[in-house]
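Worksheet: the structure to be examined is printed underneath.
Count residues from 1 along the sequence. All heavy atoms count here, side chains included; hydrogens, waters and symmetry mates do not.
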Amino acid sequence: MSQKHIQPQVTPEMVETHGLNPEEYEKIKEILGREPNYTELGIFSVMWSEHCSYKNSISLIKTLPRDGDNLLAKAGEENAGAVDIGDGMAIVFKIESHNHPSAVEPYQGAATGVGGILRDIFTMGARPIAALNSLRFGSPDNPRVRYLVDGVVRGIGDYGNAFGVPTVGGEVYFDDCYTGNPLINAMAVGIMETEKIASATAEGNGNPIMIVGSKTGRDGIHGATFASEDLSEKSESQRSSVQVGDPFTEKLLVEATLEIIKKDLIVGIQDMGAAGITCSSSEMSAKGESGIEINIEEVPVREEKMTPYEILLSESQERMLVCVKKGMTDAVTEVFDKWGLDSKVVGKVTDDKLFTVKLNGEVISQIPSDCLVLGGGAPIYKRETKRPAYMDEIVKINLDDYSLERDWNETLLTMLASPNICRKQWVYDQYDSMVRTNTAVGPGSDAAVLRLRKTNKALAMTTDCNARYCYVNPRRGGQAAVTEAARNIVCSGAQPLAITNCLNFGNPYNPEIYYGFTEAIGGMGDACRVFNTPVTGGNVSFYNEDPERAVFPTPTIGMIGLVEHLDHITTQWFKDDGDVIFMLGENKEELGASEYLHTIYDVTKGDVPELDLDAEKKMQDALLAAIRNRFIKSAHDCSEGGLATAVAECCISNDDNKIGATVTIDESIRTDALLFGETLSRVVISCKASDADKLAEHFKSAGVDCNRIGTVGGDTLTINSIIDLPLTQMTDAFYNSMAEKIERVS
């Protein structure tokens, strides 16, 4: 190989700083048949990082159900998952993390997380129609946490609002375990014609390779590697690993991209996300069983004297790599010129299956494409597992330790005001949830619902995970995450279709962390098979820990469902005086792992409530049938905070029409468990009084517990003789407590 382009000599110290262990370095030498040069070391570093290669997770991810009758793109095959919803339309969706970037640069970290997931959607040929997010922070009493919250929320809002996509749902949780390492998971959903799906493929010897969109800068270099290591005190100095986003450029890029796909000018296209040109080139050529040759001096750059190493590893935003059909480069250029974006031929497809980089004709890097990618030559590990000792201790609970001599009115107000239950309008009011005017149900109900234009159908979507459950019992926690997502989708009037996931865990080299990861994936798989919700793809994010602790195991589930008719759209709040309230499921004396114990006593104790997946599926099927039969006026999942919290939310969560309720429930179990226990598979529903008998008979025939518990009406919530609260007090606690606590940091 020519030495005209001088590169630093690779040393053992350099290998270590690039995140490669000695065994991996020996494997690289075996693949190449020689020592790698500095540029090649950088390429292997990013492509074999956890973020790109999934080397510590892929063997377990492959155990998840990934096949389904309506899937148009299986997990890992394309930029995002695609599901056929009939009428010649497909839904494209995916969720990914931007945790470490947001920990050191919250505004840009969160903003570029949104931009990246949107590009995954429109590179498939789909127009983005919605964004969601799942956010987790430390205690809001911590000034640093409030700074992170402010930056993240503004970053999400500013990027999504400027791009023009409605942010319609999500979740925000607070726990000390996320203090130094917040979790910022971004989800996007798009719609397209089934016949217009674009593939992330490069094939056809001699076909031109173009870079389109923004110019390449030095931002984001080694971003993939940064995401694949523990956060530490030095992380603050790694701000250059965080990309800088431009939503206005992305708004132009989506139009240009969809236009070249519609005009059939290209063979394939891929977003330049993690590892930039390197990842997109190697993955596209490996998928096409071909090679790619890049002339690095042709890449449009915005900074002077950028080296090939920097250009190849940069993660500058709003860029795509495109494999163009022969003779179509001028047509592609014309489209991008029209939208005011750069487009440049930088290489070609080859038939040698090599990812080759040249500088002015000199080969400066040459690596077999398939050895860099997932499922190719990248290393695959299954790490040691060890059940943490704390799990045997934490499930032990003596309910006698928790007094029943309480003011239950004050307790319910405290629960409604708690950070994990209160209304999050102080977050989502910063998001435009109505742009494009398709939003039927925005933030604040069990799931968001969007109308699908030119049809009588709608799409429901949600993100869910109770991470405390996963900390206590990761298998059941993984099951519960999927079942809660499905329950929220069904409560909104939709049939669950498929999931995407964002698996947020600590260091996989810690056997106790890897045990939780293994068990959570097993639980997710259990539930997905019962609910027939295949996994379409997602993201694994390891190394989520600060010097003091790891985050709770947090397998965030993003789920979509189809509302067959707009009349089936259902919301969680009570509607009219005189409506009858029912509870599906039964109350059990279960307080373990509850938000009640966390909020009132600041403890996490007791096992996760029992979960019968088959019984849950039967309940959800019966509930959806009742909604489709027009029996039900409201439906609300009973989850964090238990039954009293769920009923209170049904009374006050409608911003426009709050209405009281009188509830009478069996008091055969402890009062705290009755009001705030989190027994699973329960839903609070309401119906017209004239439909009450039909509704009860419907669930009886289905073999589902259905108990009449009250009536809608008035301006208070009463539960037996235990709770008697005016709506005004509950509303103030629910809406205003956290808004006052979170300081706006300018």
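- Contact detail for Ala80 and Lys94: the closest heavy-atom pair is CB-CB, 3.9 Å.
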Between Phe517 and Phe505, does the ring-ring contact (aromatic ring centres under 6.0 Å, His included) criterion hold? Intermediate values first, please.
CA-CA 7 Å; Phe517 179 70; Phe505 290 80; 5.0 Å; yes
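- Panel note: side chain Glu678, backbone Gly641; a donor-acceptor pair is recorded below 3.5 Å.
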Walk me through whether Tyr107 and Asp158 qualify under side-chain hydrogen bond (donor to acceptor under 3.5 Å, both in side chains).
CA-CA 9 Å; Tyr107 181 87; Asp158 287 356; 2.7 Å; yes
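- Side-chain atoms of His598 do not come within 3.5 Å of backbone N or O of Val603 as any donor-acceptor pair.
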Worked check of salt bridge (charged side-chain N to carboxylate O under 4.0 Å, His left out) between Asp655 and Arg423
CA-CA 11 Å; Asp655 294 340; Arg423 187 76 154 190; 2.9 Å; yes
What's the verdict on salt bridge (charged side-chain N to carboxylate O under 4.0 Å, His left out) for Arg127 and Glu255, showing C-alpha distance, side-chain angles and the deciding distance?
CA-CA 9 Å; Arg127 180 171 293 281; Glu255 300 301 337; 3.0 Å; yes
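- Heavy atoms only, all atoms of each residue included: Thr249 and Asp246 are closest at OG1-OD2, 2.6 Å.
- The distance from the SG atom of Cys650 to the NZ atom of Lys575 is 8.5 Å, given to the nearest 0.5 Å.
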After noting the C-alpha distance and the side-chain angles of Ser418 and Asn420, does the key distance pass the side-chain hydrogen bond (donor to acceptor under 3.5 Å, both in side chains) rule?
CA-CA 6 Å; Ser418 65; Asn420 292 339; over 6 Å; no
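- To the nearest 0.5 Å, atoms CD1 (Ile560) and CD1 (Ile499) are separated by 11.0 Å.
- Among residue pairs with one or both ends in residues 642-653, those qualifying as side-chain hydrogen bond (donor to acceptor under 3.5 Å, both in side chains) are Gln572-Ser653, His636-Glu649; sequence neighbours excluded.
- Counting only heavy atoms from C-beta outward, the side chains of Cys465 and Ile557 never approach each other to under 4.5 Å.
- Side-chain atoms of Asn161 do not come within 3.5 Å of backbone N or O of Tyr431 as any donor-acceptor pair.
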Do Ile117 and Ile95 pass the side-chain contact (heavy atoms from CB on, under 4.5 Å) test, and can you show the C-alpha distance, the side-chain angles, and the key distance before you say yes or no?
CA-CA 7 Å; Ile117 200 67; Ile95 190 169; 5.5 Å; no
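- To the nearest 0.5 Å, atom OG1 of residue Thr439 and atom CD1 of residue Ile129 are 9.0 Å apart.
- Neither side chain, Thr554 nor Arg468, offers a donor N or O lying under 3.5 Å from an acceptor on the other.
- Between the side chain of Ser445 and the backbone N or O of Pro443 there is no donor-acceptor pair closer than 3.5 Å.
- Pairing each heavy atom of Ser97 with each of Asn185, the nearest pair is CB-ND2, 3.6 Å.
- Remark: the backbone N or O of Tyr735 is not paired with any side-chain donor or acceptor of Lys424 at under 3.5 angstrom.
- By the 30° and 60° cut-offs, the orientation of the rings of Tyr596 relative to Phe676 is parallel.
- When side chains are defined from C-beta on, Thr500 does not count as touching Val535, because their heavy atoms never get closer than 4.5 Å.
- Looking at heavy atoms from C-beta onward, Leu623 lies in side-chain contact with Cys491 at the 4.5 angstrom threshold.
- Pairing each heavy atom of Phe174 with each of Pro140, the nearest pair is CD2-CD, 3.7 Å.
- Two residues are said to be in side-chain contact when any heavy atoms from C-beta on lie closer than 4.5 Å; Leu566 and Lys457 fail this criterion.
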List the atom pairs, with distances to 0.1 Å, where a side-chain N or O of residues 163-172 and a protein N or O form a donor-acceptor pair under 3.5 Å, not counting sequence neighbours.
| unit_1 | atom_1 | unit_2 | atom_2 | d |
| --- | --- | --- | --- | --- |
| Glu171 | OE2 | Ser134 | OG | 2.8 |
| Glu171 | OE2 | Arg136 | NH2 | 2.9 |

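- Using a 3.5 Å distance cut-off with no hydrogens or angles, the side chains of Asn181 and Asn544 do pair a donor with an acceptor.
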Residue pair Arg154, Asp150: steps toward the salt bridge (charged side-chain N to carboxylate O under 4.0 Å, His left out) verdict:
CA-CA 6 Å; Arg154 284 191 297 108; Asp150 173 75; 3.0 Å; yes
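- Taking CG from Leu497 and CD1 from Ile91, the interatomic distance works out to 8.5 Å, rounded to the nearest 0.5 Å.
- At least one side-chain heavy atom of Leu675 sits under 4.5 Å from a side-chain heavy atom of Trp408.
- Of the N and O atoms on the side chains of Tyr469 and Glu484, not one donor lies less than 3.5 Å from an acceptor on the other residue.
- The shortest heavy-atom contact between Cys502 and Glu96 is SG-C, 3.6 Å.
- Contact annotation: the side chain of Val83 approaches that of Phe93 to within less than 4.5 Å [non-hydrogen atoms, C-beta and beyond].
- Thr112 and Gln317 form no side-chain donor-acceptor contact under 3.5 Å, judged by distance and modelled atom types alone.
- In this structure, Asp637 and Arg682 have side chains that are not in contact, with every pair of non-hydrogen atoms separated by 4.5 Å or more.
- Side-chain atoms of Leu135 and Ile184, non-hydrogen and from C-beta on, do get closer than 4.5 Å to each other.
- For the residue pair Phe574 and Ser634, the shortest heavy atom distance occurs at CD2-OG, 3.7 Å.
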Begin with the C-alpha distance, continue with both residues' side-chain angles, and end with the deciding distance and a verdict on side-chain contact (heavy atoms from CB on, under 4.5 Å) for Phe552 and Cys470.
CA-CA 7 Å; Phe552 283 163; Cys470 296; over 6 Å; no
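- The OG1 atom of Thr728 lies 8.0 Å from the CG atom of Asp732; values are rounded to the nearest 0.5 Å.
- The one candidate from Val92, Asn79, Leu253, Val254 that meets the side-chain contact (heavy atoms from CB on, under 4.5 Å) condition with Thr123 is Asn79.
- Taking Asn409 as the reference, nothing meets the side chain to side chain donor-acceptor pair (under 3.5 Å) condition, with sequence neighbours excluded.
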Would you check, one step at a time, whether the test side-chain contact (heavy atoms from CB on, under 4.5 Å) holds for Lys658 with Trp573?
CA-CA 8 Å; Lys658 305 185 192 314; Trp573 40 83; over 6 Å; no
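- Note that the CD1 atom of Ile600 and the CD atom of Glu595 stand 9.5 Å from one another [nearest 0.5 Å].
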Using the side-chain contact (heavy atoms from CB on, under 4.5 Å) rule, take Arg119 and Glu250 through it: C-alpha gap first, then chi angles, then the decisive distance, then the call.
CA-CA 8 Å; Arg119 288 195 300 279; Glu250 183 131 325; 2.7 Å; yes
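- The main-chain N or O of Asp546 is never found under 3.5 Å from a side-chain atom of Arg549 such that the two would form a donor-acceptor pair.
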Quick one, Ser492 with Arg487, criterion side-chain hydrogen bond (donor to acceptor under 3.5 Å, both in side chains). Give me CA distance, side-chain angles, the key distance, then yes/no.
CA-CA 9 Å; Ser492 301; Arg487 205 179 307 129; over 6 Å; no
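- In summary, the side chains of Thr483 and Glu616 do not present any donor paired with an acceptor at a separation below 3.5 Å, with no hydrogens or angles considered.
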